[in-house]
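The block underneath contains the structure these notes are about, expressed in structure tokens.
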Amino acid sequence: MTGGWVTRDAPTPEELAACIHCGLCLPGCPTYRLTGEETASPRGRLSAMSAVADGIAAVDETFEEMMSFCLQCRACEVACPSLVPFGRAMEGARVELAAQRPSPTRRARGRLLGRRGLGSRPAVALVTMLAAIGQRLRAPRWLPGRLGGALGGLRPLPVRAPSTLSDTWEPLAARVGTAALLAGCVMDPWFAGVHTASIAVLRRAGYRVEVPAGQTCCGALAAHDGAADEARALAATNRQAFAGYDLIVADSAGCGAHLKEYESWAPGGEGWADRVRDITEVVAEAIADGRLPTQPETGTPVAMQDPCHLRHAQRIIEPPRAIVHAAGYTPVEIDPLAMCCGAAGVYSVLRPETSAELGGRKAAQVTATSARIVASANPGCEMQLRSHLGPGYRVAHPVELFAEAIE
Ligand code: SF4
Ligand code: SF4
């Protein structure tokens, strides 16, 4: 057995040494909560990484199981008094898995999540068309579990995918600046309503909105899966496409979190992270400034679902609540720990049982309230909630609820 790392992305000695083994991260970790096993906890995973780094253990099947069971939800980071950058360390461990345990499946997945898959607009348009046809044939009812569930979680899709790319919209109020919007990979064709609402609200708040040409998928899914070369290439493309913009806006929490951490994947952009904002931050700020109107309270409850990459990775908690409240709704809390809903990028495909268990728990937290509307600022969470809640519930981005209210 030979341990040790082989890539430049591996967890660093400093990242691993930061863990003081206090265990404060354990109660908030979904996989630890499900199993009660130390090996399924953040502390256990960091110990396993240290054992490899020290040459005591190898990147073997056991190590792979421990790492791939992690949802990369980063709830552990929020609880950690020692500020262990767990998300970064886990991304490094996944890159090591790709390098030390290569397989045709992993390579194919890397391509799907990279430039020729999610980073390719024609490829995404083709998948969208097939999924749209599947929806019209009522495929979610007869397709086997995972595939049917995924299709059932989607919004109704257009056969011809729309695109915001290269478009520009002028502000509808006194101009405060230009916002460059990340079109994303599936956000344009699958969540067009979120882009439409974001653009409308940004214009009302005084922004000129541009969707720069040349941009691509943010690369978050590639990075989380250890496809380092793909993640780097996608990040470099976006760095170039968004150069020169002071405000870069993402309306998908997972994309925004990854954009803010581009320094790991495409280093060198001065002040880059400070220029990237989640749409909820920008809209809540405009509401607080009086640049956007607030609506009288209707008393209609809205369950607040906190996407991990909004709450844990970006530490954004209040803005979505302020937006829902300003839209006239009453925000309802469903989970003080903001436990992962189990969507977690491709996790729902790779670990369907765990994903379904967590999705069911999240849906139960919603159905325990009187709310029939759920606000979620991340596309993966939205799909997971929709497929577990079923008909009778609406899942929407907080900014969509706000845009409708001020229309
Ligand atoms: S990222 Fe989430 S699942 Fe992974 S160890 Fe941390 S809390 Fe647990
Ligand atoms: S809370 Fe932080 S320092 Fe404590 S065990 Fe978890 S990762 Fe280590």
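The backbone N or O of G87 sits less than 3.5 Å from a side-chain atom of E77, completing a donor-acceptor pair. With hydrogens and angles ignored, the 3.5 Å screen pairs no side-chain donor or acceptor of R204 with any backbone N or O of L292. Put simply, the side chain of S252 never gets that close to the backbone of P379: no donor and acceptor are under 3.5 Å apart. Counting only distance, with no hydrogens or angles, the side chain of S82 and the backbone of V84 share no donor-acceptor pair below 3.5 Å. The backbone N or O of L259 lies less than 3.5 Å from a partner atom in the side chain of W272, making a donor-acceptor pair. Distance alone, capped at 3.5 Å, places no donor-acceptor pair between the Q72 side chain and the A344 backbone. A donor-acceptor pair is defined here as one N or O able to donate and one able to accept, closer than 3.5 Å; no such pair exists between the side chain of D225 and the backbone of A227. When atom types are taken as modelled, the side chain of R33 and the backbone of P27 share a donor-acceptor pair closer than 3.5 angstrom. Not a single donor-acceptor pair under 3.5 Å links the side chain of E404 to the backbone N or O of A197.
Residues T7 and A99 approach most closely at CG2-CB, 3.6 Å, considering heavy atoms. Of all heavy-atom pairs spanning V324 and A375, the tightest one is CG2-CB, 4.0 Å. The nearest pair of heavy atoms linking C73 to C308 is O-CB, 3.3 Å. Nearest heavy atoms, L26 versus E38: CD2-OE1, 3.8 Å. Between P398 and P320, the shortest heavy-atom distance links the atoms CG-CB, 4.0 Å. For the residue pair H312 and L337, the shortest heavy atom distance occurs at CE1-O, 3.8 Å.
Partner F242 forms a side chain to side chain contact (heavy atoms under 4.5 Å, CB included) with one of I248, T237, L181 and no other, that one being I248. A side-chain hydrogen bond (donor to acceptor under 3.5 Å, both in side chains) with Y393 is found for one member of R386, R372, H388 and no other, namely R372.
Between E400 and R394 there is no salt bridge, since no side-chain nitrogen of the basic residue lies less than 4.0 Å from a carboxylate oxygen of the acidic one. Using a cutoff of 4.0 Å between basic side-chain nitrogens and carboxylate oxygens, D306 and R321 are scored as salt-bridged. In summary, E281 and R315 do not engage in a salt bridge, as defined by a charged side-chain N under 4.0 Å from a carboxylate O. Under 4.0 Å is where a charged nitrogen must lie from a carboxylate oxygen, and between R232 and D9 at least one such pair does. A salt bridge between R74 and E261 is present, with a side-chain N of the basic residue lying under 4.0 Å from a carboxylate O of the acidic one. Note on E230 versus R109: no salt bridge recorded, every NZ/NE/NH1/NH2 to OD/OE distance being 4.0 Å or above.
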>> Determine whether C29 and R45 satisfy the following criterion, side chain to side chain contact (heavy atoms under 4.5 Å, CB included), listing intermediate values before the conclusion.
In response: CA-CA 12 Å; C29 171; R45 290 177 175 123; 4.1 Å; yes

> Step by step, would you call V366 with L389 a side chain to side chain contact (heavy atoms under 4.5 Å, CB included)?
Replying inline: CA-CA 8 Å; V366 174; L389 283 167; 4.0 Å; yes

> Step by step, would you call C381 with Q384 a side chain to side chain contact (heavy atoms under 4.5 Å, CB included)?
Replying inline: CA-CA 5 Å; C381 310; Q384 175 83 331; 5.5 Å; no

>> Before you tell me yes or no, could you show the steps for H309 and H224 under ring-ring contact (aromatic ring centres under 6.0 Å, His included), namely the whole-Å CA-CA distance, both residues' side-chain angles and the distance that decides it to 0.1 Å?
In response: CA-CA 12 Å; H309 285 85; H224 293 167; 5.4 Å; yes

> T31 and L71: side chain to side chain contact (heavy atoms under 4.5 Å, CB included), yes or no, with the steps?
Replying inline: CA-CA 8 Å; T31 52; L71 292 134; 4.0 Å; yes

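Q314 and K260 share a side-chain donor-acceptor pair at under 3.5 Å. Checked by atom type, the side-chain pair T168/E210 shows no donor-acceptor distance below 3.5 Å. In this model, a donor atom of one side chain and an acceptor atom of the other lie less than 3.5 Å apart for H195 and D251. For the residue pair T280 and D278, a side-chain donor N or O sits within less than 3.5 Å of a side-chain acceptor on the partner.
Here the side chains of R361 and L34 are in contact, with some heavy-atom distance below 4.5 Å. Counting only heavy atoms from C-beta outward, the side chains of E61 and R101 approach each other to under 4.5 Å. Side-chain contact between H21 and S47 is present, with heavy atoms from C-beta onward closer than 4.5 Å. A heavy-atom distance below 4.5 Å is not found between the side chains of E96 and M49. T12 places a side-chain heavy atom less than 4.5 Å from the side chain of R88. A 4.5 Å side-chain heavy-atom check between C218 and L234 finds every atom pair outside the cut-off. With contacts defined as side-chain heavy-atom distances shorter than 4.5 Å, the pair T354/F69 qualifies. Residues F86 and C70 form a side-chain contact, since some pair of their non-hydrogen atoms from C-beta on lies under 4.5 Å apart.
Both the sub-6.0 Å distance and the 45° axial angle are not jointly satisfied by R208 relative to the ring of W169.
With rounding to the nearest 0.5 Å, the separation of SG in C341 from CD in Q365 is 10.5 Å. With rounding to the nearest 0.5 Å, the separation of OG in S198 from OH in Y207 is 13.0 Å. To the nearest 0.5 Å, atom CG of residue D167 and atom CD1 of residue I199 are 7.5 Å apart. Going from atom CZ of R351 over to atom CD of E357 covers 13.5 Å, rounded to the nearest 0.5 Å. The CG atom of D60 lies 11.5 Å from the CD atom of E65; values are rounded to the nearest 0.5 Å. Atoms CD and CZ, from Q215 and R121 in turn, are 6.5 Å apart once rounded to the nearest 0.5 Å.
For R116, there are no side-chain hydrogen bond (donor to acceptor under 3.5 Å, both in side chains) partners at least two apart in sequence or on another chain. Scanning for side-chain hydrogen bond (donor to acceptor under 3.5 Å, both in side chains) contacts around Y262 gives N238, with sequence neighbours left out.
Atom CD of Q240 is surrounded by 12 or fewer heavy atoms from other residues, nucleotides or ligands within 6.0 Å.
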